[in-house]
Colleague: 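The structure under discussion is supplied below as structure tokens; questions concerning it will follow.
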Amino acid sequence: MTTTLLRTAGELHARTRTGRRAVVMTMGALHEGHATLIRTARGIAGPDGEVVVTVFVNPLQFGQGEDLDRYPRTLDADVGLAGQSGADVVFAPAVDEVYPGGEPQVRITAGPMGERLEGSSRPGHFDGMLTVVAKLLHLTRPDVALFGQKDAQQLALIRRMVRDLNFGVEIVGVPTVREEDGLALSSRNRYLSAAERRTALALSGALFAGQDRHAAQEALRARAREVPATRARAEALSAIGESRAAADAHAVATAVPGGPAAVRAAARQVLDEAARLEPPLTLDYLALVDPSDFTEIGDDFTGDAVLAVAARVGATRLIDNVPLTFTSFGAAS
């Protein structure tokens with residue numbers, strides 16, 4: 001489809017709108033992860049709606065020593081990929097269009113959640129991110145905005161900002177897109193050498209190890225729930241020759257080490273091994289958190305959680321996460 005490149009908010013506002021406008025915000029260097037967001041936006045907007053992709057490298061999100069100057073800028077290719085994926089408009093404003101008169105004196109503050117994990121590693125990052133998202137929401141005036149779940153803390157903060165400050169927009173999270181080897185798609189992957197990429201696979205490997213341990217635990221819990229804790233239970237299990245196995249399953253499923261602690265331990269083992277590779281992985285954090293506030297969950301936690309990791313391989317910093325859901329032993333599936 002024909003995709004229009006616009007540089008100013010005035011040009012965007014002058015367009016005739018019919019149907020819903022769906023916006024995908026990016027910093028450019030688009031890849032298949034962005035394409036998935038755009039295709040999802042196309043489906044939400046429908047044939048009568050409009051999909052707008054923003055391309056803006058936000059200087060407020062980069063701290064001292066971070067890669068603002070080397071961040072890839074590939075606008076021609078971005079317009080092409082956006083069009084192939086279903087975008088009607090690429091909105092690529094200059095810095096002075098977004099921040100007329102220089103850096104804004106009034107900014108969005110991320111609050112306590114913005115000081116944890118990524119916020120602790122990158123002070124001020126989330127304040128800058130929320131400020132530009134707020135600006136771009138005002139400039140693009142969407143009905144719905146889509147963001148990737150790979151940046152789980154960013155997504156949580158955007159949802160909180162929209163709720164707390166009464167933005168009239170729906171926020172949709174789209175699952176992480178991965179390469180065939182499991183590495184989460186990121187514009188920064190292009191910085192990795194072949195050897196660094198092999199080491200970087202430990203990020204997704206650690207998450208999958210934690211996810212597998214969690215799935216095994218939940219399966220044991222479900223199995224234990226299926227058989228009543230009565231004499232009939234023992235007789236039923238004996239009849240199929242599983243009395244000892246079921247007893248072990250019950251013990252494992254209800255033991256504290258089989259909960260969040262075991263998930264963390266399984267992921268940590270993979271990361272510890274990667275720290276001994278050449279080149280090594282340098283861990284920033286491994287966290288198992290409540291997505292409502294990104295605080296660490298306890299061993300008695302039930303509900304949705306996020307297992308998140310950040311690490312450096314060479315000069316490249318990468319992040320990744322997977323969602324998990326913890327049930328209590330007595331709860332229904």
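In what follows, every heavy atom counts, from backbone to side chain, and hydrogens, waters and symmetry copies are set aside. Only a predicted model underlies this, so the values are computations on that prediction, with no experimental measurement involved.
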Colleague: Going by distance alone, is a donor N or O of one side chain under 3.5 Å from an acceptor N or O of the other, for Tyr191 and Glu196?
Modeller: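 No, no side-chain donor-acceptor pair sits under 3.5 Å.
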
Colleague: Can you tell me how far apart OG1 (Thr325) and CG (Asp304) are? Round to the nearest 0.5 Å.
Modeller: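 Those atoms lie 4.0 Å apart.
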
Colleague: Test your reading of the model: is there a side-chain donor-acceptor pair from Asn58 to the backbone of Gly128, 3.5 Å cut-off?
Modeller: yes

Colleague: Please check if any side-chain donor atom of Thr18 sits under 3.5 Å from a side-chain acceptor atom of Asp48, or the reverse.
Modeller: no

Colleague: Quick check: does any side chain N or O of Thr74 sit under 3.5 Å from a backbone N or O of Ala77, one acting as donor and the other as acceptor?
Modeller: no

Colleague: State whether Arg317 and Asp284 are salt-bridged, where the test is any N-O pair (Lys NZ or Arg NE/NH1/NH2 against Asp/Glu carboxylate O) under 4.0 Å.
Modeller: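 Answer for the salt bridge query: yes.
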
Colleague: Please tell me whether Asp272 and Gln269 have a donor and an acceptor in their side chains that are separated by less than 3.5 angstrom.
Modeller: no

Colleague: If you take all heavy atoms of Ala267 and Leu286, which pair is closest and at what distance?
Modeller: CB-CD2, 3.9 Å

Colleague: Going from CD on Gln211 to OG on Ser204, what distance comes out if it is rounded to the nearest 0.5 angstrom?
Modeller: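 Here the rounded value is 10.5 Å.
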
Colleague: Using a 4.5 Å cut-off on heavy atoms from C-beta on, say whether the side chain of His125 contacts that of Gln153.
Modeller: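 They are not in contact (no side-chain heavy atoms under 4.5 Å apart), so the answer is no.
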
Colleague: Atom CD of Glu273 and atom OG1 of Thr199: how far apart are they, to the nearest 0.5 Å?
Modeller: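 Output value for this atom pair is 12.5 Å.
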
Colleague: Would you say Val24 and Val52 are hydrophobically clustered, going by side-chain heavy atoms of ILVMFWY under 4.5 Å?
Modeller: no

Colleague: How far does OG1 of Thr26 sit from CG of Leu146, to the nearest 0.5 angstrom?
Modeller: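 Taking OG1 in Thr26 and CG in Leu146, the distance rounds to 12.5 Å.
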
Colleague: State, without any angle test, whether Asn189 and Glu179 hold a side-chain donor-acceptor pair at a distance under 3.5 Å.
Modeller: yes

Colleague: Using modelled atom types and a 3.5 Å cut-off, is there a donor and acceptor pairing between side-chain atoms of Glu11 and backbone atoms of Thr8?
Modeller: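 Yes, Glu11 side chain to Thr8 backbone: donor-acceptor pair under 3.5 Å.
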
Colleague: Quick one: does any side-chain atom of Thr131 pair with a main-chain N or O of Arg107 as donor and acceptor, under 3.5 Å?
Modeller: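 No.
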
Colleague: So does Leu192 get a backbone contact from the side chain of Arg197, meaning a donor-acceptor N/O pair under 3.5 Å?
Modeller: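 Such a contact is absent between Arg197 side chain and Leu192 backbone.
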
Colleague: Is a side-chain donor-acceptor pair under 3.5 Å present for Asp127 with Thr109?
Modeller: no

Colleague: Would a distance-only check, ignoring hydrogens and angles, find a side-chain to backbone donor-acceptor pair under 3.5 Å from Lys135 to Val98?
Modeller: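 Yes, because the side chain of Lys135 sits within donor-acceptor range (under 3.5 Å) of the backbone of Val98.
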
Colleague: Do Leu157 and Val169 belong to the same hydrophobic cluster, where Ile, Leu, Val, Met, Phe, Trp and Tyr are linked whenever their side-chain heavy atoms lie under 4.5 Å apart, directly or via other members?
Modeller: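 Shared cluster, yes.
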
Colleague: State, yes or no, whether a side-chain contact exists between Arg20 and Val144 at a heavy-atom distance under 4.5 Å.
Modeller: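 Arg20 vs Val144: side chains touch.
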
Colleague: I'd like to check Arg160 versus Met113 (side-chain heavy atoms, cut-off strictly below 4.5 Å). Are they in contact?
Modeller: yes

Colleague: Do the charged groups of Asp320 and Arg178 touch, with an N to O distance under 4.0 Å?
Modeller: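 The answer is yes: the pair qualifies as a salt bridge.
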
Colleague: Using a strict cut-off of less than 4.0 Å between a Lys/Arg side-chain nitrogen and an Asp/Glu carboxylate oxygen, indicate whether Arg73 and Asp78 qualify as a salt bridge.
Modeller: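 No salt bridge links Arg73 with Asp78.
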
Colleague: I need the minimum non-hydrogen distance between Phe91 and Leu139, along with the two atoms involved.
Modeller: CE2-CB, 4.3 Å

Colleague: Is the backbone N or O of Ala29 less than 3.5 Å from a side-chain atom of Ser187, with the two atoms forming a donor-acceptor pair by type?
Modeller: yes

Colleague: My understanding is that only one of Phe208, Phe301, Phe326 makes a ring pair (Phe, Tyr, Trp, His ring centres under 6.0 Å) with His214; could you say which?
Modeller: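 When Phe208, Phe301, Phe326 are each tested with His214, the ring pair (Phe, Tyr, Trp, His ring centres under 6.0 Å) holds only for Phe326.
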
Colleague: Looking at CZ of Arg141 and CG of Leu12, how far apart are the two atoms once the value is rounded to the nearest 0.5 Å?
Modeller: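 Taking CZ in Arg141 and CG in Leu12, the distance rounds to 8.5 Å.
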
Colleague: Only one of Arg42, Arg17, Arg21, Arg15 forms a salt bridge (Lys or Arg N to Asp or Glu O under 4.0 Å) with Asp88, so which one is it?
Modeller: Arg42

Colleague: Checking Glu32 side chain against Val177 main chain: does a donor-acceptor pair fall under 3.5 Å?
Modeller: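 Here the side-chain-to-backbone pair does not exist.
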
Colleague: Yes or no on salt bridge (Lys or Arg N to Asp or Glu O under 4.0 Å) for Glu296 and Arg116, after CA distance, side-chain angles and deciding distance?
Modeller: CA-CA 10 Å; Glu296 288 282 349; Arg116 299 171 186 136; over 6 Å; no

Colleague: Are side-chain N/O atoms of Thr327 and Glu218 paired as donor and acceptor at under 3.5 Å?
Modeller: yes

Colleague: Are Leu207 and Val263 connected into the same hydrophobic cluster when the rule is that any two of I, L, V, M, F, W, Y join if their side-chain heavy atoms are below 4.5 Å apart?
Modeller: yes

Colleague: Among the clusters formed by ILVMFWY side chains lying less than 4.5 Å apart, do Phe126 and Ile158 turn up in the same one?
Modeller: yes

Colleague: Just how far is it from atom CG of Leu271 to atom CZ of Arg268, taken to the nearest 0.5 Å?
Modeller: 7.0 Å

Colleague: Got more than 12 heavy atoms from elsewhere within 6.0 Å of CG, Asp76?
Modeller: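 No, the 6.0 Å shell around CG holds no more than 12 heavy atoms from other groups.
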
Colleague: Would you call Ile44 and Glu170 a side-chain contact if the rule is heavy atoms closer than 4.5 Å?
Modeller: no

Colleague: Hey, does the side chain of His13 reach the backbone of Gly10 with a donor-acceptor pair shorter than 3.5 angstrom?
Modeller: no

